[in-house]
Structures are given as C-alpha cells and as structure tokens.
Amino acid sequence: FSSFLPLDSSWDAAYERELQTFQDIGDTGEIWFGEESMVRIIRWLEKHKVPLDSSVLDIGTGNGVLLIELAKSGYMNLTGIDYSPSAIQLSEKVREKEGMSNIKLKVEDFLAPSAELSGFDICIDKGTFDAISLNPSDAVGKRKLYVGSLCRVLKPEGFFIITSCNWTKEELLNEFREGFEILEELPTPKFCFGGRIGNSVTALVFQRK
C-alpha cells in the first residue's frame, strides 16, 4: 500500500483526477481502506451508544464518503478537513449529490490547525497519519506535530479512532503514548504470509486523557 500512497502535491493531482471523474460519471473515486473500514468505525460508535449529536472530525476526509455514511447513520455534527483543495471540492460535490447539507468541509492543514478547529468529541483518521509518516522531510517532527494538533482539537476524554496500514498496534501505542490511552483494538482482516499470520491494517480506539 505505502508504495503507491501519494504524497504532498500528488494528493492534489490524485483528487483532481477523481474530481474530473466524479463530474464525468458521478463516481466518488478511491475509498482508501474500503467499505469494511467505514462499517467498522460506525459499528463501534453504535455499539458504544455514542450520541448522534457528538461533534465528529474526519482528518484527511478525501472524498468525504465516511462523513456521508455517518450522516446516513444519523450523526448530525460532522466536519471534514483536508489540506488538498481538490479533495474538499470533490467531497463538496459528493455532499451535494447525497443532499447532506449538515456536513461542514474545510481546507485545513492538520499540522497547523486554525483556532476554530477545536472541541471535538471524536476524531477519525483513515490513512492521514500514514501519509504524514511517509513524508520524506522530517517525518518524526511531523508525527509529533500531528499528536500536538490532535491534543488541541480533541476534547479531554474524547475518542480518537485511527486506521493504519503502515503501523502495528505497538508502534501506534508508542506514537500516541503522550496524552492518550488505548481503549480497544478493532478487528481487521488478517493475512497469512510465509506461515505467519498478521494484520495488513491496524484499527485502534484511543481516549484523550
């Protein structure tokens, strides 16, 4: 996966192509982690009876499809951010097509969030932390900035749900050890390679201390 994950300006190019495709044929484009990752997140929220008026931030929303699914499940206070303007344009078009006017969308760099991005009950990340981690310039520093931003935008005792295909559970526990505690590991598809069973995707729920 990581070998074809676009970085920086190529994200914008990827979303520009998807924007054009959506305008041509109404296709929302790539869902980076597939349907099952969205279902997994929504099931967890429902199982834990997370109130439908909870404020939810989708970090690196891409085409905004997760927010659409959350809205269809009854969640009302939804915000999606992405630092790619083309991604936000695409998610706005998807939102219009689905008639979901209650979803807020903004161009934001999560490593330097604006002051109004704060007080969220839930933050969700599917692959954005991965992309930041692969950044060739100062990946360690950028990961620290990410954790700092997360502490700023998420309320104390708020939930952080992360889906990653680059990091193991142990590595993520280490990355988020300051300010967060693990609540649960969500089941993800397993693969077998050379007789060893492993997970290609890790999904964890943290709570902000």
Side-chain angles (χ1 to χ4, degrees), residues 1-19 21-22 28-38 40-41 56-70 79-92 94 105-114 117 120 122-154 160-178 180 186 188-189 199-206:
F1 178 92
S2 60
S3 60
F4 66 81
L5 188 68
L7 292 170
D8 296 342
S9 59
S10 41
W11 273 123
D12 228 22
Y15 284 119
E16 268 170 37
R17 283 195 301 277
E18 292 193 358
L19 186 57
T21 306
F22 183 79
T28 54
E30 187 67 48
I31 300 172
W32 289 105
F33 284 91
E35 301 283 343
E36 103 277 340
S37 77
M38 294 196 292
R40 191 186 306 125
I41 290 164
V56 180
L57 177 66
D58 187 18
I59 302 165
T61 196
N63 55 19
V65 171
L66 172 62
L67 293 173
I68 298 292
E69 293 305 314
L70 284 165
T79 302
I81 59 165
D82 205 295
Y83 78 84
S84 161
S86 298
I88 293 299
Q89 265 185 288
L90 174 61
S91 51
E92 282 170 347
V94 174
L105 297 162
K106 299 176 185 174
V107 177
E108 284 260 9
D109 177 1
F110 190 67
L111 300 185
S114 63
L117 213 65
F120 286 93
I122 299 147
C123 289
I124 300 173
D125 180 315
K126 307 177 318 308
T128 298
F129 185 71
D130 285 356
I132 287 165
S133 309
L134 293 170
N135 195 304
S137 67
D138 190 23
V140 173
K142 286 187 166 64
R143 293 203 299 272
K144 284 199 171 108
L145 280 174
Y146 181 103
V147 176
S149 295
L150 189 60
C151 286
R152 281 202 300 284
V153 305
L154 185 62
F160 172 53
I161 307 172
I162 182 168
T163 304
S164 169
C165 64
N166 282 24
W167 299 91
T168 64
K169 176 185 176 182
E170 289 68 31
E171 288 167 333
L172 288 171
L173 289 178
N174 185 51
E175 291 291 327
F176 293 95
R177 69 189 181 278
E178 286 176 31
F180 297 88
L186 303 183
T188 58
N199 282 40
S200 53
V201 174
T202 303
L204 302 178
V205 181
F206 287 93

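Keep in mind the model is a prediction, meaning the values are calculated, not measured.
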**Item:** Euclidean distance, T163 OG1 relative to L186 CG, rounded to 0.5 Å
**Value:** 7.5 Å
**Asked** Relative to each other, are the rings of F180 and F206 parallel, tilted or perpendicular (30° and 60° limits)?
**Response** perpendicular
**Message:** I'd like to know whether W167 forms a side chain to side chain donor-acceptor pair (under 3.5 Å) with S133, so could you lay out the CA-CA distance, the side-chain angles of the two residues, the decisive distance to 0.1 Å, and finally the verdict.
**Reply:** CA-CA 9 Å; W167 299 91; S133 309; 3.1 Å; yes
**Asked** Which atom names give the shortest non-hydrogen contact between D125 and G127, and what distance separates them?
**Response** OD1-N, 3.0 Å
**Asked** Does any N or O in the side chain of D82 come within less than 3.5 Å of the main-chain N or O of I88, such that one atom is a donor and the other an acceptor?
**Response** no
**Prompt:** So, do V153 and L57 sit near enough that their side-chain heavy atoms are less than 4.5 Å apart?
**Reply:** yes
**Asked** Looking at side-chain heavy atoms only, is the closest gap between K169 and L172 below 4.5 Å?
**Response** no
**Gap separating the CG atom of L117 from the CD atom of E108, nearest 0.5 angstrom** = 4.5 Å
**Exam field: side chain K142 to backbone S137, donor-acceptor pair closer than 3.5 Å** = yes
**Prompt:** Where do L66 and K126 come nearest, in terms of heavy atoms and distance?
**Reply:** CD2-NZ, 3.8 Å
**Prompt:** What are the two closest heavy atoms between E171 and N166, and how far apart are they?
**Reply:** OE1-O, 4.0 Å
**Item:** Pairwise side-chain contact, L150 with F176, heavy-atom cut-off 4.5 Å (strictly under)
**Value:** yes
**Message:** Nearest 0.5 angstrom please: T61 OG1 to L67 CG, how far?
**Reply:** 4.0 Å
**Request:** Would you check if there is a donor-acceptor pair between the side chains of S164 and D130 at a distance under 3.5 Å?
**Result:** yes
**Asked** Which heavy atom of R143 sits nearest a heavy atom of I132, and at what distance?
**Response** N-CG2, 4.3 Å
**Message:** Using 0.5 Å steps for rounding, measure from the CE atom of M38 to the CD1 atom of I124.
**Reply:** 11.0 Å
**Message:** As an exercise, state the distance from OG1 of T128 to CG of D58, rounded to the nearest 0.5 Å.
**Reply:** 7.5 Å
**Request:** Please check if the distance between the ring centroids of F110 and F129 is under 6.0 Å.
**Result:** no
**Request:** State, to 0.1 Å, how close T168 and T202 come at their nearest heavy-atom pair, and which atoms those are.
**Result:** CA-OG1, 3.9 Å
**Item:** Inter-residue atom distance K144.NZ - E175.CD, 0.5 Å rounding
**Value:** 9.0 Å
**Any T79 side-chain heavy atom under 4.5 Å of F120 side chain** = yes
